[in-house]
Amino acid sequence: MNAPSSRLSGFHKQSVADRVARVAELTGLNKADCELLAGTGHLDLDLANRLVENVVGTFNIPLGVATNMRIDGRDYLIPMATEESSVIAAVCNAGRRCYDNGGFTTSMSGTQMIAQVQLMEVPDPEHARIRILERREEIREICDGCDPVLVKLGGGFRDLEVRVIDSRSGPMVITHIIVDTRDAMGANAVNTMAEKLAPHIEKWTGGRHHARILSNYADRRLARARCEWRPEDIGGADVRDRIMLVSHFAEADPYRAATHNKGIMNGVSAAVLATGNDTRAVEAGAHAYACRNGRYTSLTRWEVTREGNLAGVLEMPMAVGLVGGATKAHPMAQVALKMLGVKSAEELARVFVAVGLAQNFAAVLALATEGLKGHMKLHAQNIAMMAGAKGDEIDAVARRLVELGKVRADLAETELAALRAER
Ligand code: MEV
């Protein structure tokens, strides 16, 4: 079959059913495929169709609950949406090992977001910079005027920064408006303010404005978590010291740091997604922050305390909200938030950063000790299921794959057939 043309005129205007029929015809989807597409689970098709464009179905991934998590003296059941095995188990494991020692302590720098206005063709950029800074109170009025509800809730304009940067298109004057967005992630609020402000900046400076958009490098919205694990809870002082070596590797080497931080985001993104928040915004902020000193490094730091405990810290931008977007619209996000029982976006961010630290602890512990055997075991179970194993066959086939040291789909099929023949 030749690849179908992707020029589907009027596709976006069609009903979901008509889109499915058209795609099925073009790509050879059969009746069973179309039935799968029609089963949208808890996400109503009309809602899905309003959330994004060209909808043909929904995509389910498992939702699990991380247990054993004690954060700031309170226990949380943390919903996590992920397709990756061992991510949720890792958080439970990390939480269990520090629970009796008090769990996680968190804090936050604030809930401020930044929006940028790009200004070009300014003959005197340094002079223009100061002229914009002089308008601070006027800028406050323009920004706060865009969102009286936010102001009433205690948020609104907080600060102004103006930078002159060099670029391949010459100097640019970049205005940052810094806005406390409280319980909203804030993208819509700050984007609206930047739009409104841009023509005024043009007028004051004689320049020409271009992009007006929030920055995902939310370094005024830093969430911080710390936690101590006692040597006896993690397999002894020797394990602790080996964890230090693994973490120093990630601090020093960007190749390792990328994987180390990916592990942190395994946990953070799963929890962020479960609540309907924007995983890409948080990921962009995390990686930008990991580069803040000019070289990409690990987001966590590990130390040994005077008492000999393993102490971990994680600090990262955490632009998440409780209101607006999919958080409010997605029924499962609402269930997830109910389960969490958080009262503010700040509390939500603090839970997420604790999850990130827990996830990283579990990863460095595994790397410092048995490697990723635990991970492999869960992966083997997935492969066994993909090969058609059911019920207790799943564990049996997975065990054989792990014993063989080869977790492969073809071997899973062979092992499953052998098991069934034996029974
Ligand atoms: C796997 O998804 C994540 C890890 O590779 C993270 C790490 O290496 O730190 C286990």
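Note that this is a predicted model, so its numbers are computed, not measured. Note that these values count all heavy atoms, side chains included, but never hydrogens, waters or copies made by symmetry. Counting starts at 1 for both ligands and their atoms, in listed order.
- Of all atoms in ligand 1, numbered sequentially from 1 with element shown, those under 4.0 Å from a heavy atom of H260 are 9 (O).
- Residue-level proximity to ligand 1 for L367 is carried by the side chain, the only part with a heavy atom below 4.0 angstrom.
- Ligand 1 has no nitrogen or oxygen under 3.5 angstrom from a nitrogen or oxygen of N360.
- Looking at D72 and R350, a side-chain N of the basic residue comes within less than 4.0 Å of a carboxylate O on the acidic one, giving a salt bridge.
- I139 CD1 to D144 CG: the interatomic distance, rounded to the nearest 0.5 Å, is 12.0 Å.
- Under the 30°/60° scheme for interplanar angles, the aromatic rings of W302 and W229 are found to be tilted.
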Output, in order, the C-alpha distance, side-chain angles, deciding distance and verdict of side chain to side chain donor-acceptor pair (under 3.5 Å) for T300 and N360. CA-CA 8 Å; T300 49; N360 185 233; 2.7 Å; yes
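- Residue-ligand proximity, T259 to ligand 1, at heavy-atom distances under 4.0 Å covers atoms 5 (O), 6 (C), 7 (C), 8 (O), 9 (O).
- Note: Y296 and H287 have parallel aromatic rings, judged against thresholds of 30 and 60 degrees for the angle between ring planes.
- Residue-ligand proximity, N266 to ligand 1, at heavy-atom distances under 4.0 Å covers atoms 1 (C), 2 (O), 3 (C).
- Near E84, the atoms of ligand 1 lying under 4.0 angstrom from a non-hydrogen atom of the residue are 1 (C), 2 (O).
- A donor-acceptor contact closer than 3.5 angstrom is absent between the side chains of E53 and H12.
- Proximity of M265 to ligand 1, defined as any heavy-atom pair under 4.0 Å, is not found for any part of the residue.
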